[in-house]
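Before any comments, here is the structure.
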Amino acid sequence: MATSRDVHVEICHQEIVKYDLEIKALIQDIRECTGPISTLNDFNAQVKDKFRLLRLRIQDLDQMAREQDKESDKQALLKEMECHKKQMLSNQTVWRKANLSCKLAIDNAEKDELLDGGDTTRQRKVTKENLAQSASGITESLMSISRMMSQQVQQSEVTMHTLGTSSRTIQEANEEFKSMSGTIQLGRKLITKYNRRELTDKLLIFLALALFLATVLYILKKRLFPF
């Protein structure tokens with residue numbers, strides 16, 4: 001029967017998968033975006049929000065892993081959490097590349113419009129504004145990705161420290177088990193030796209008693225039947 005903790009872990013898994021799929025869908029929308037730059041910025045805002053929610057769910061999974069009673073369950077959840085982190089970092093890289101590709105395509109399209117004629121002054125003004133907005137968006141996206149990757153690196157360091165601590169704990173438990181096994185084996189040898197000593201003592205007591213009885217009988221015989 002599934003416990004409340006197991007249910008929470010399963011819900012966390014489902015939400016992580018959901019946000020991962022939503023991020024992939026938004027990245028595909030960015031790839032197919034032809035402009036204007038405001039539309040691209042809207043897509044990026046949605047992606048940032050999805051990454052924020054995904055990061056929170058991964059942190060929840062990390063916390064649930066640390067609260068597991070069994071070491072095997074803890075290690076299994078930590079391994080799954082690391083896989084989700086790697087997938088998120090991969091999505092961030094793909095998102096960055098899609099952004100750069102889309103903004104380059106929008107810039108090229110605006111340059112083509114300039115070559116087609118029209119109000120040159122107005123088109124230059126619009127192009128400069130779009131270029132400035134595009135550059136600002138790229139800078140903001142790169143800074144956001146850099147911050148997220150830094151956070152993931154820090155979380156990975158914490159996880160590696162936890163794994164190292166768990167490994168040392170298991171090793172210490174194994175050494176303690178070996179020590180207890182040696183103590184038990186020594187105790188078994190002492191008990192066997194004691195049993196053998198007890199058997200020897202009983203045999204000596206029996207022989208002493210037999211000798212005593214034989215001596216008593218011999219004395220009685222001499223006194224009752226002197227001839």
Side-chain angles (χ1 to χ4, degrees), residues 1-68 70 72-109 130 133-163 166:
M1 183 176 179
T3 63
S4 175
R5 183 181 295 176
D6 293 334
V7 173
H8 290 160
V9 170
E10 181 61 28
I11 292 175
C12 188
H13 276 305
Q14 292 177 0
E15 291 183 346
I16 289 174
V17 172
K18 182 187 73 171
Y19 293 139
D20 180 71
L21 293 175
E22 290 176 346
I23 288 172
K24 284 182 170 61
L26 286 168
I27 291 175
Q28 184 61 33
D29 291 337
I30 291 175
R31 285 197 183 103
E32 298 173 355
C33 178
T34 57
I37 198 69
S38 58
T39 301
L40 178 60
N41 289 337
D42 289 340
F43 284 140
N44 283 326
Q46 295 179 54
V47 173
K48 289 178 184 178
D49 186 59
K50 297 300 180 183
F51 271 124
R52 179 182 63 82
L53 295 174
L54 176 60
R55 188 164 52 254
L56 290 175
R57 294 290 79 79
I58 292 177
Q59 290 174 355
D60 290 342
L61 186 61
D62 177 68
Q63 183 64 32
M64 292 177 188
R66 300 175 191 277
E67 294 174 353
Q68 292 298 311
K70 294 182 179 179
S72 57
D73 294 340
K74 177 180 178 181
Q75 296 300 328
L77 284 180
L78 287 175
K79 185 176 180 180
E80 291 180 15
M81 182 198 65
E82 284 299 319
C83 291
H84 290 311
K85 282 185 178 180
K86 290 180 180 178
Q87 182 61 47
M88 184 174 67
L89 291 174
S90 176
N91 286 338
Q92 289 173 347
T93 301
V94 175
W95 174 39
R96 178 176 59 83
K97 292 180 179 179
N99 257 286
L100 294 175
S101 177
C102 179
K103 289 173 180 178
L104 181 61
I106 293 174
D107 291 343
N108 289 334
N130 288 336
Q133 189 175 6
S134 177
S136 176
I138 292 175
T139 302
E140 183 181 354
S141 297
L142 291 175
M143 291 180 63
S144 176
I145 292 172
S146 177
R147 287 193 297 269
M148 286 189 289
M149 293 183 71
S150 176
Q151 291 174 356
Q152 294 307 314
V153 170
Q154 292 176 356
Q155 291 178 0
S156 297
E157 290 177 351
V158 173
T159 302
M160 291 301 296
H161 177 71
T162 301
L163 291 174
S166 300

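Please read all numbers here as calculations on a predicted model, not as lab measurements. Scope of the values below: all heavy atoms of this structure, side chains included, with no hydrogens, waters or symmetry mates.
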With a 4.5 Å heavy-atom cut-off, do V47 and N99 have their side chains touching? no
Considering only NZ, NE, NH1 and NH2 on the basic side and carboxylate oxygens on the acidic side, decide whether K103 and D107 come within less than 4.0 Å. no
Quick check for you: to the nearest 0.5 Å, what is the distance between D29 atom CG and T39 atom OG1? 11.0 Å
Return the minimal non-hydrogen interatomic distance between C102 and C33, and the atom names on each side. SG-O, 3.4 Å
Audit row: R57, D60, side chain to side chain contact (heavy atoms under 4.5 Å, CB included) steps and yes/no: CA-CA 5 Å; R57 294 290 79 79; D60 290 342; 2.7 Å; yes
Pairwise side-chain contact, I58 with Q87, heavy-atom cut-off 4.5 Å (strictly under): no
One should read off an interatomic distance between L77 CG and E67 CD, to the nearest 0.5 angstrom, of 10.5 Å
Under the criterion side chain to side chain contact (heavy atoms under 4.5 Å, CB included), I'd like the reasoning laid out for D62 against L78: C-alpha separation, chi angles, the key distance, then a yes or no. CA-CA 6 Å; D62 177 68; L78 287 175; 3.7 Å; yes
Using distance alone, with no hydrogens and no angle criterion, decide if Q63 and R66 have a side-chain donor and acceptor under 3.5 Å apart. no
Would you confirm whether D20, through its side chain, and I16, through its main-chain N or O, come within 3.5 Å as a donor-acceptor pair? no
Apply side chain to side chain contact (heavy atoms under 4.5 Å, CB included) to the pair K79 and E82, showing each step before the final yes or no. CA-CA 5 Å; K79 185 176 180 180; E82 284 299 319; 5.8 Å; no
Nearest heavy atoms of Q68 and D73, plus distance in Å: OE1-CB, 3.7 Å
Below 4.5 Å, heavy atoms only, C-beta onward: do W95 and N44 meet side chain to side chain? yes
Specify the closest pair of heavy atoms between I23 and K50, including all atoms of both residues, with the distance to one decimal. CG1-CB, 3.5 Å
Separation between OH of Y19 and CG of L56, rounded to the nearest 0.5 Å: 8.5 Å
Distance from L40 atom CG to T34 atom OG1, nearest 0.5 Å? 10.5 Å
Check the pair K97 / I27 against side chain to side chain contact (heavy atoms under 4.5 Å, CB included), numbers first and verdict last. CA-CA 10 Å; K97 292 180 179 179; I27 291 175; over 6 Å; no
Rounded to the nearest 0.5 Å, how far apart are SG of C83 and NZ of K86? 6.0 Å
Nearest heavy-atom neighbours spanning M64 and H8: CE-O, 3.7 Å
